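Below is one structure, written out as structure tokens; comments come after it.
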Protein chains: 2
Amino acid sequence: MAAETPRPRAKRRDPEAARTIRDVAARAGVSTATVSRVVNGNYPVAASTRAAVERAMRELGYVANAHARALAGSTTRVVGIVVNEIVDPFFAYIARGVQAEAVASGRLCLVCSTQGDQAAELKFVDLLLEQRADAVILVGGAVEDKEYFAAVDHRARQLGASGSSLVLCGRPGLASDAPAYAVEYDNTGGAAAITDHLLNAGHTRILYLGGPTALSTTTARLRGFEQALRARGHELDPALVRTGAFGRQFGYEQTLRAIDEGLDFTAIFAANDIVAAGVYVALRERGRSVPADVSVVGYDDVPVASELQPALTTVRVPLEELGRAAVRAGLSGLEKNADPFAHQRPVTTLGTVVVVRDSVAPPPR
Amino acid sequence: MAAETPRPRAKRRDPEAARTIRDVAARAGVSTATVSRVVNGNYPVAASTRAAVERAMRELGYVANAHARALAGSTTRVVGIVVNEIVDPFFAYIARGVQAEAVASGRLCLVCSTQGDQAAELKFVDLLLEQRADAVILVGGAVEDKEYFAAVDHRARQLGASGSSLVLCGRPGLASDAPAYAVEYDNTGGAAAITDHLLNAGHTRILYLGGPTALSTTTARLRGFEQALRARGHELDPALVRTGAFGRQFGYEQTLRAIDEGLDFTAIFAANDIVAAGVYVALRERGRSVPADVSVVGYDDVPVASELQPALTTVRVPLEELGRAAVRAGLSGLEKNADPFAHQRPVTTLGTVVVVRDSVAPPPR
DNA sequence: CTGAAAGCGCTAACAG
DNA sequence: CTGTTAGCGCTTTCAG
């Protein structure tokens, strides 16, 4: 009756191919379940058995297959993050936090960089959805577009339905009941605080430079600027607000233009440190010194801020912590503690602080 | 006899859970094989059938499961990259290239950052091995350690055995027959070229600063420096070589020390741009101007180089292309063209070029 | 052009 | 403490 033997697996496909849990089990003379147990160490196994299995694994050079594991188990041990540009320090620091926290939770990190392509962002989320990432984190400025919102909203629901979750990082949350977390920082407050710093030094003619024209996350900075002005009884002079791109080039050109137009101002609020770097160059070119002739402040506190000469007074955004918090939020639903009362708040807001360096002084005369 | 029906799947676990290919098949009234075919579009399917399936997928909100796909198929559509520090522009640009090329090949990119922890590097490679990444790219300086080499060598073999491959990026290849690719750039040549530039300007007392003490990739820069000197009949003065850390701090401190010791030099070769940034600060502090009093050159041409004042003359390393080339190399074995003669060379070396900016002038007097 | 069925490698009940 | 046995969701022969 030997011929009746089930013989479920016919032949090993490739003798060179990776060993499987079954090979290990056979070699150690145990069942695959036992091997699984020692691999995962989440179940009691006799010491001697464990030793035999470990030995077999070593001898065979066994490497677990994460996909089989993901398929059979429930979690994939992968988190995904989508950023605009990985070489931009703003995103890089957030990514670093995400990476670190992911690793701390025993996960790997799938990083997607859109290079500013809005469509790519959504496509990456879809891919991450296919990967069944335990959490997907979307970083950075969203455009205020109906259709876009609907698309994100939909993805949030899909993720939620598959036990994962969407985390909006550094941007406002969804204004719907879609299952998504938001991890932001106090953009408006930071902007107001540093504007206050300028006001305290005696400046009232402050030129605001940078940031997108369209309504978006970072407009919050402009809002903070305006609030601080108003709170001290000053009006926002439209001539002193120039929004547009976010780069060094923009800061450079606008500063040049402002000077050449004879615009009256004694300080510049750059919407981020990179813009401020451009401002510095233009100022130097026109022979204006910082901070004697004009004071400058930035935002973000990325490395350039302390490299500029004189070092830039700016708003420190807890970028790395932002990334960590995003992972924690995204994973909060998966953790075993599953205490429904200790529930993660859908929106986390981190504080910002003004870092005073050398680029602000009282206005000349 | 209805009771005899096999009924292979008993119950849907969770009505809210993600739809599977089977749900789609049922809804479209076709077999799962057919659904698979339309999803992959790699097999003829009647137009009407295809339409029905696509409709069913849409209605069900079907999202393929990448893990099931990886398990059943052969490729995972994921490449892994291990770097020291993702916020460091040197690595960030390489990662960007890797990401871009991975996406271009229809893959996602798993990014691991070790924060300089050598042990973590190997651990990440193991994790990537578990992920069955189609290629794993190891970036950056390796230490010259026997045991470490053996470990890398072993991983290379494991990857090779599982149809994947290891790519050493920006570091020398394995000196063994292990299946690994190396994608480097001409470190020595670049260093020699920029040293020549200094020599041509009339400098002979050049202080070399930075780079690791231990033999490692970047020692190649020191080697190039020496070669260029020799080629012009100069000896390498040991007093003018200070190796050690790689950061701004190191550049700053060593420059200060050199000046305070009264060391005789008219130019500084910083082992990378970051070190050069530190050099600038120290020079300014001691009232030495660049390039009037001392000329400075760097290496890598990361953004700081052009931000420094005066802009830094440096060696441009094709960082992003390095990343792209690494992915191409790593994937070369998988591509269908599998032409055994058009075989990827195990070692690719990219050229470097000197970028002349404003930090070099003839020596004073 | 389409369907049936056998797995891919692993985990998780469910018995012992 | 350990083994049996279903699947997880998809791809891929092998037959029509």
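Labels below follow one simple rule: chain letters A, B, ... track the order of the sequence lines, proteins then strands, and each chain is numbered from 1. None of these values were measured; they are calculated from a predicted model.
Following rounding to the nearest Å, A:His67 (NE2) and D:dG9 (C1') show an atom-to-atom distance of 14 Å. Distance B:Leu129 CG to C:dG9 P: 14 Å, rounded to the nearest Å. Rounded to whole Å, atom P of D:dG7 lies 16 Å from atom CZ of A:Arg22. Whole-Å rounding puts the B:Glu130 CD to C:dC10 P distance at 10 Å. To the nearest angstrom, C1' of D:dG9 lies 6 Å from CG of B:Asn65.
With distances taken from any side-chain atom of B:Ala46 to the nucleotides C:dC1, C:dG9, D:dG3, the minimum falls on C:dC1. Taking the side chain of A:Leu71 as heavy atoms from C-beta on, and the options D:dC8, D:dC10, C:dC10, the nearest nucleotide is D:dC8.
Applying the salt bridge (charged side-chain N to carboxylate O under 4.0 Å, His left out) test to every pair with at least one member in residues 31-45 of chain B, sequence neighbours left out, gives no pairs at all. Contacts classified as ring pair (Phe, Tyr, Trp, His ring centres under 6.0 Å) and involving residues 115-139 of chain B (residues at least two apart or in different chains) are not found.
Contact annotation for A:Ala64: backbone-only contact, meaning every heavy-atom pair under 4.0 Å involves sugar-phosphate atoms and none involves a base.
Considering all non-hydrogen atoms of both residues, A:Leu159 and A:Leu166 come closest at CD1-CB, 3.8 Å.
Phosphate contact (OP1/OP2 of D:dG9, side-chain N/O of B:Thr20, threshold under 4.0 Å): absent. Of the side-chain N and O atoms in B:Thr49, one or more sit less than 4.0 angstrom from OP1 or OP2 of C:dT2.
A donor-acceptor pair under 3.5 Å is absent between the side-chain atoms of B:Asp117 and the main chain of B:Thr114, judged by distance alone. Side-chain N or O atoms of B:Asp153 include none that pairs as donor or acceptor with a backbone N or O of B:Phe149 at under 3.5 Å.
The salt bridge (Lys or Arg N to Asp or Glu O under 4.0 Å) with A:Glu101 is formed by just one residue from the set A:Arg107, A:Arg96, A:Arg328; it is A:Arg328.
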Could you run down nucleotides 11-16 of chain D 5' to 3' and tag each one B, S or - for protein heavy-atom contact under 4.0 Å?
-> BBB---

